[in-house]
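Below, chain A is the first sequence line, B the second, and so on; all start at residue 1. Being a predicted model, the structure only gives us computed values, none of them experimental.
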Amino acid sequence: MTQIETPKVVKKKLFSPIWLLPLIALALGAWLGIKSIRESGVEVRIHFPSATGIDVGKTLVRYQGLTVGKVVDISIDDQLQGVYVDLLMDYRSTPFLRDETKFWLVTPKASITGVEGLDALFSGNYIAIQPGEGDYKNEFTAEDQAPPVAPGSDGLMIELTSPSLGSLDVGSQVFYRQIPVGKIVSYRLVNDDSILFNAYIEKKYAHLVKQDSRFWNVSGLALDASLSGIKVKTESLSAILAGGVSFSSQSSSEQANVNQTFTIFEDKEHALGGISFSLTADDADSLSTGADIVYRGITIGQITHTQLTESGVTFDANIATQYAELLGTDSQFWLEGADLSLSGIKHASRLVTGNVVAFMPGSGEHQASYPLLAKAPQHTQPPLLLSLSAEENPGISAGAEVRYKQLPIGQVDGVEFKPDFSGLAYRIQIWPEFAKLIHQGSYFVAESALAIDASLDGIKVNTRDLSTLTKGAISLMQGRSKKAVNPERSLPLFANAKQAEGYLAKQSRLKIVLASPDGAGLAAHSPIYYKKMQIGEVQGVNWRASSEDFAIELGIDKQFASLVKPSTIFWRNGALSVDASLNGVKLDVAPLEGALKGSVSLGLLDKDDIGNQSHLYGSETLARAKATPISIVFDASTRLSAHAPIRYQGHQIGQVERVKLSQDLHSVSVDAYLYGDYAAPFLADDAQYFIVDANISLSGITAAETLITGPYVSVLPGESGNIVHDFMGSVESPALLAQDALTFTLVDDNLGSVKIGTPIIFRGIKIGEVKQVQLSSTGTQVEMTAQVASGYRHLINQSSQFWDLSGIKVDLGLFSGAQIETGSLETIIAGGIGVATQSATTEQNRIGQHQIFSLQPKLDPDWLKWAPNQQSLH
Amino acid sequence: MSKLSRPPQGESLGLTNCPTCKFLCHLDQGSCPRCGQAVQSRDRTSVQKSWALLITAAILLFPANLYPITIMTSQGQVRQDTIFSGINHLVHLDLLPIAIILFTASILVPMLKIFGLALYLTAISYRLPISKKTLMAGFHIIEWIGRWSMLDLFVISITAALINMGQIWDAKPAPAATAFALVILLTQLAAKVLDTRLLWDRLESKDDTN
């Protein structure tokens, strides 16, 4: 172990790197020190009236919510008038500390208008700062309250002046059309006699404030109680409690300047202003401050001040802006009070409220002063005098108002009869300013204070004011014509609007006169329908003595006039028409109004048919059939009733409309229709009308249906070309004396069982019958006219024997025994005449026109053996 | 006491402990045969290391006391406390015992420690008129009490963790806390890095003067 190790040379370091550590710390400390000195902040001293709510070390200084400093000390000032609050401001706030910089204490404040400084509730009070201009400064006096403009908001600041605070306060809202647009931020007394408010208008509403905006106080409730009622006005609940200011602006004006000063008016009316002038009078005569200035019943202004002068009384008056143009150089003012007269009390409220100033507008520039007249002046321009005519007085008396759209435009001067007593004439005057409302087409309608219009449409009640009730009133209605009125001509006055409407409608209606045998249940205003739509109305029903019928005047509304043409027909409507037949029942109900009043229908025939436009048909059927009216005179014994049909060969060709007994009681006159299609042959003057009635006999029943339907009229067509409309009818049917039938006469002592219709029997076959029975002129015999059908005429000649077949003949002989002779059963019951002919008919033994045979009472048995070979003769 | 009566020092025998594994090495070997660590009988550089750390701690003592150590937010109100204002606050709240503890742990101890260490470091380099017994007692006190300075930081870290309710109630450590922690750390390090044998050597050598 002798090896010697090489010695390690260890260099002794002069400084260990550990010494860097204190150097770093030193550098760090120095930097921190310099920094903290640099950022140590600025001491600021602020004078506060009191230190309430300020704590050393706790109370911070904030700008826009950022803490920029804090209170470091509080000390009482030398005069013991307040405290100095020392603030240590952040070094960065140094640029804010200038002459106009404002400090104030923010404390939480809850009021009606809102909660302010809510943040201060948690963080405690703080001092707010609002930077300003000027030189650097570090001693300040604190503001009493937040400066007008909240920092950072750039709305419009305006100033408002008012003689009194009212109920306004800081925080009271500023309204525009009831929208809160800003608020009062401060107020102070200036010059000891007015209060200057600073109001802040939010930026988005700033443009609403114009150079000439008017502000008025809307604080609390505006209660306007008068006899006319109670008016309560308020802007909003907060305005009631906390007060408020409202304003209005002319949209055309320039926008208001910053800090422009406006006046706060007492109320809106004052704010909107008006025209002020004075009225002079000798005495006040119960006219007091606050009295209304009234024009045509509308309050347009007020007396604002009353004062005594050497020469009398001067009233300061003010007229609202919107009525300003009524005021002119020649405007007149006069006193008006309650009007007590026999016709009633007018303006009763004025007995309590005092007189008002009535006003007459003028033209030109308004004056500063007007005389106040004691009485209403006469109108300077003459009123328009008119005459109105009415059928009767609808309750209008002199003094009644003439109105247009319920505004008075004149009055009724008097009412008198027309010279011919055909109606009434009213003298009215229209005030000159309304003269141009009257035209030639104008008409007047009486106003009724209470109009109850009960109709099928319902009940309508219209009421008007009291004066209408006492004096009546008439309303002007504008007609179609716009031509200037001729004062000489009188204008119509109607009792009500409906009458007027009717009158106007009448003017333009198409008039048609219909003849009707009766009034048809119609009256004026009965409606006229076309396809159940009213197209006009009946204007009148008049009796025409000359033609013994009714003239029914129809008025067809203009727009339906084209319905009246050659094919038009009219008929009256039944309220209910039931068309019952074996085919079914058709029920037709007329419109209710028409059913009650009676109504007329208009109908149109097929295109080419020509209708009768001057006749009112009884029913649609008649009308459609173009029925021709005829009149038939029958014996008074006729049992005919209305609506009995007129028939030809069993077919209905017409209908009885009416049956009336003549004055001499001997005849009935029957008005009937013949259906147009068949009328012609039945209008001939030799057409025969007779009654068909049921005839019950042993030989049978004729016209059995009439037992149920009643007798009807039967007709035989005529052949002559003479057309007549009046006929004599017969009760008996004319004998159907066929031209080619063989007619002869049978005579007997006694009629026996022969009667009309008794058959003439040849070899048991009926070949004819007895048509007529009558006494001979001498009265000794009975003549029976018999007729034999032409087909059998050759069976009868001069050798013919006739005997009575009636009944049963029993011939009792002692030796011959009993012989019973009967005909057919029919002849046993109904009787009959037997006939037998001995020789064949030749030219020589033909019977003549009026051949008379004797009716043998008994059959000679030999006759029955006669059997000539009869050849039909032609 | 005579010089001879004392037991021989390792240095005088050319022996020393390895600073790392405490292996008894020969000084002339240069490095520890077991762990290879360089060995020397006395670490003369430890004095200036200790000085450096101590001076750093002393410098940091200023921000630690001047700057706020906590930021407390209570109902929106922010309160910044330095160590001293915190103690002051406790005194105002009539919590005197706690204030005393806090004062001792946070102000007195770090300062005493720095002062004491500075004293010992001076004593190593220079002869000071302090008895060996006093110095020894003081050294033990400093070593024992030094760790209690961390109390403040524990309190801060616990409150910061527990009290965290935003605007209502909040506690956060402020810059001074870092500085304070560094002061504590550096003083501890300064005490740790110092080769205390140097002090004993000095005390031995001047023993006769006492």
For atom CG of B/Leu24, is the number of surrounding heavy atoms from other residues, nucleotides or ligands below 6.0 Å larger than 12? yes
Heavy-atom count check: over 12 atoms from other residues, nucleotides or ligands less than 6.0 Å from B/Phe84 CZ? no
Tell me if the NZ atom of B/Lys113 is crowded by more than 12 foreign heavy atoms within 6.0 Å. yes
Below 4.5 Å from any heavy atom of chain B, which atoms of A/Thr67 appear? Answer side chain, backbone, both or neither. neither
Could you grab the distance from atom CD of B/Gln80 to atom NZ of A/Lys70, nearest 0.5 Å is fine? 6.5 Å
Residues of residues 77-95 of chain A under 4.5 Å from chain B (heavy atom pairs)? none
Could you report the tightest heavy-atom contact between B/Ile59 and A/Pro22, atom names first, then the distance? CD1-O, 3.5 Å
Is any side-chain heavy atom of B/Tyr67 less than 4.5 Å from a side-chain heavy atom of A/Leu32? yes
Proximity breakdown for B/Leu66 and chain A, heavy-atom pairs closer than 4.5 Å: neither
Highest number of heavy-atom pairs under 4.5 Å with chain B among A/Leu28, A/Leu23, A/Leu26 belongs to A/Leu26
With a cut-off of 6.0 Å (strictly less than), are more than 12 heavy atoms of other residues, nucleotides or ligands near CZ of B/Phe115? no
One pair to check against side chain to side chain contact (heavy atoms under 4.5 Å, CB included): A/Leu21 and B/Leu186. What are the steps and the verdict? CA-CA 10 Å; A/Leu21 212 59; B/Leu186 288 171; 3.7 Å; yes
Taking atom NZ of A/Lys203 as the centre, does the number of heavy atoms from other residues, nucleotides or ligands within less than 6.0 Å exceed 12? no
Using non-hydrogen atoms and a limit below 4.5 Å, what part of residues 50-57 of chain B faces chain A? B/Trp51, B/Ala52, B/Leu53, B/Ile55, B/Thr56
